[in-house]
2 protein chains.
Amino acid sequence: MGYNTRRATLKIFDEFHQRTSAYALNPVEFSVLSLIGHNANVSPSQLCTELSLLPPNLTKILQKLSNKHLIQRYRPDSDKRAIYLKLSDTGKQKLEQLEVVVSKLERDMASKLTDKQLELLMELLQRIYS
Amino acid sequence: MGYNTRRATLKIFDEFHQRTSAYALNPVEFSVLSLIGHNANVSPSQLCTELSLLPPNLTKILQKLSNKHLIQRYRPDSDKRAIYLKLSDTGKQKLEQLEVVVSKLERDMASKLTDKQLELLMELLQRIYS
DNA sequence: TATTGTTATACTCTATAACTATA
DNA sequence: TATAGTTATAGAGTATAACAATA
């Protein structure tokens, strides 16, 4: 099973790189961008939990996204240790574009599956890791 | 989809490490050992193709397996460039033990799935990457 | 000249420890 | 004393180029 999930991941990630090379973001970085986009004011620690990333590694991803002016970080008055994350206008624009590419990618990678089968595949995978 | 396959892979590999730490082999190294075990006289280039590994990286894996006295390498008379791989007696023994652990691991990781669903999951994944 | 496999090496990804600032 | 996040760094995994030996 691990063999099959890994082979599928490699294939999908390879195609992801080919189709999104103009954005210079890898799949995990895209996930971070997407989660921030759909959960404004999310914190780094929440992202670490949700994506199984270690804090030091997430910090580097956030620095990269920040250097590309895709996200903004600010410290809330309620807790000056914490950081809230949200997308910049550029970030929102890029995310929207990327989501179109990625959703087409997903459909193409599953070209041998019906919509129902793809949905089922997702559910079975989630039952494995959750 | 890539997100879900990756999360599942991470979970499975993590459990793999916990249950097989005594053998000091990672999942890919186990796959190499297993493929050699079930395909005597397979060549490194065949393994590279089958497992999507690059030759220099497979070489390192084979050196590790060889240092552990799990495999034997020999050059056939028919082509002195090529290498044939097979398991040593120790290798056969270790593989047999590992396969018991791994097949139990597989069943446990899919505890929320019926046998039929697990079988289906495999087939859907293979349709993605093949 | 092409193929098989190896060596050396660089790059990316992931993991650990120590640190700053705030609570 | 504990928590959020950062920095520095080490280690594992993956990639590219150059090479030796054989076909």
Side-chain angles (χ1 to χ4, degrees), chain A residues 2-3 5-7 9-14 16-18 20-21 23-32 36 41-67 71-86, chain B residues 2-3 5-7 9-14 16-18 20-21 23-32 36 41-67 71-86:
Chain A
Y3 175 80
T5 56
R6 179 171 180 269
R7 290 296 301 264
T9 302
L10 290 176
K11 177 100 182 272
I12 296 166
F13 279 21
D14 187 64
F16 180 96
H17 283 118
Q18 287 180 38
T20 67
S21 57
Y23 297 86
L25 294 179
N26 69 29
V28 174
E29 289 157 356
F30 165 72
S31 295
V32 171
I36 296 172
N41 295 333
V42 70
S43 71
S45 62
Q46 287 173 310
L47 290 176
C48 283
T49 303
E50 181 60 29
L51 296 172
S52 289
L53 295 173
L54 293 170
N57 300 329
L58 177 64
T59 294
K60 276 193 287 187
I61 292 173
L62 294 178
Q63 284 167 347
K64 177 174 175 179
L65 296 177
S66 186
N67 289 339
I71 63 168
Q72 293 168 346
R73 303 191 255 193
Y74 64 96
R75 295 185 183 276
D77 288 337
S78 59
D79 184 344
K80 282 296 182 188
R81 294 170 305 180
I83 285 185
Y84 282 8
L85 300 164
K86 60 178 183 179
Chain B
Y3 174 79
T5 56
R6 179 172 179 268
R7 291 294 301 263
T9 303
L10 289 176
K11 177 103 181 270
I12 296 166
F13 278 22
D14 187 65
F16 180 96
H17 283 119
Q18 288 180 37
T20 67
S21 57
Y23 296 87
L25 294 179
N26 68 29
V28 173
E29 290 157 356
F30 165 73
S31 294
V32 171
I36 297 172
N41 296 333
V42 70
S43 70
S45 62
Q46 288 173 309
L47 290 176
C48 283
T49 303
E50 182 59 30
L51 296 172
S52 289
L53 296 172
L54 293 170
N57 300 330
L58 177 64
T59 294
K60 276 193 288 187
I61 292 172
L62 294 177
Q63 284 167 347
K64 179 174 174 181
L65 296 178
S66 186
N67 289 339
I71 62 169
Q72 292 168 346
R73 301 192 258 193
Y74 63 95
R75 296 185 181 275
D77 288 336
S78 59
D79 184 344
K80 282 296 180 188
R81 295 170 307 182
I83 286 184
Y84 282 8
L85 299 163
K86 60 178 185 180

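Each chain gets a letter, A, B and so on, in the order the sequences are listed, and its residues count up from 1.
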Expressed as a whole number of angstroms, how long is the span from [X]:[atom1] to [N]:[atom2]?
X       : N      : atom1 : atom2 : value
B:Asp14 : C:dC13 : CG    : P     : 20 Å
B:His17 : C:dT14 : NE2   : C1'   : 12 Å
A:Ile83 : D:dA4  : CD1   : C1'   : 8 Å
B:Arg75 : C:dT4  : CZ    : P     : 12 Å
B:Leu51 : D:dG13 : CG    : C1'   : 15 Å
A:Leu58 : C:dA15 : CG    : C1'   : 15 Å
B:Ile71 : C:dG5  : CD1   : P     : 12 Å
A:Phe16 : C:dC13 : CZ    : P     : 12 Å

What is the distance from atom OG1 of B:Thr20 to atom CG of B:Leu25, rounded to the nearest 0.5 Å?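 The CG atom of B:Leu25 is 7.0 Å from OG1 of B:Thr20, to the nearest 0.5 Å.
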Would you compute the distance between atom CG of A:Asp14 and atom NE2 of A:His17 and round it to the nearest 0.5 angstrom?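 A:Asp14 atom CG to A:His17 atom NE2 measures 8.5 Å (nearest 0.5 Å).
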Result block: side-chain N/O donor-acceptor pairs under 3.5 angstrom for residues 46-56 of chain A, not counting sequence neighbours:
residue, atom, partner, partner atom, Å
A:Gln46, OE1, A:Ser43, N, 2.8
A:Gln46, OE1, A:Ser43, OG, 3.3
A:Thr49, OG1, A:Ser45, O, 3.1

Does atom NZ of A:Lys86 have more than 12 heavy-atom neighbours, drawn from other residues, nucleotides or ligands, at distances under 6.0 Å? no
Going by ring-ring contact (aromatic ring centres under 6.0 Å, His included), name the residues that satisfy it together with B:Tyr23, two or more places apart in sequence or in a different chain. none
Hits for ring-ring contact (aromatic ring centres under 6.0 Å, His included) against A:Tyr3, two or more places apart or cross-chain, chain-then-number order -> none
Taking the side chain of [X] as its heavy atoms from C-beta onward, which of [options] lies nearest to it?
X       : options              : result
A:Asn26 : C:dC13, D:dT6, C:dG5 : C:dC13
A:Ala82 : D:dT6, D:dA4, C:dG5  : D:dA4
A:Pro44 : C:dG5, D:dG5, D:dT6  : D:dG5

Please report how far the helix from C:dT1-D:dA23 to C:dA23-D:dT1 bends, comparing the axis fitted to its first five pairs with the axis fitted to its last five, to the nearest 10 degrees. 10°
Within the structure, does a side-chain N or O atom of [X] lie under 4.0 Å from either OP1 or OP2 of [N]?
X       : N     : result
B:Gln63 : C:dT7 : yes
B:Gln46 : C:dT4 : no
A:Ser45 : D:dG5 : yes

Please check if any side-chain donor atom of B:Asp79 sits under 3.5 Å from a side-chain acceptor atom of B:Tyr84, or the reverse.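 No donor-acceptor contact under 3.5 Å links the two side chains.
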Establish, from distance only, whether the side-chain atoms of B:Gln63 and B:Asn67 form a donor-acceptor pair under 3.5 Å.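 No.
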Please list, chain by chain and in numerical order, all residues satisfying side chain to side chain donor-acceptor pair (under 3.5 Å) with A:Arg73, sequence neighbours excluded. none
Starting at the 5' end of nucleotides 14-23 of chain D, put B wherever the base has a protein heavy atom under 4.0 Å, S where only the sugar-phosphate does, and a dash everywhere else. BBBB---BBS
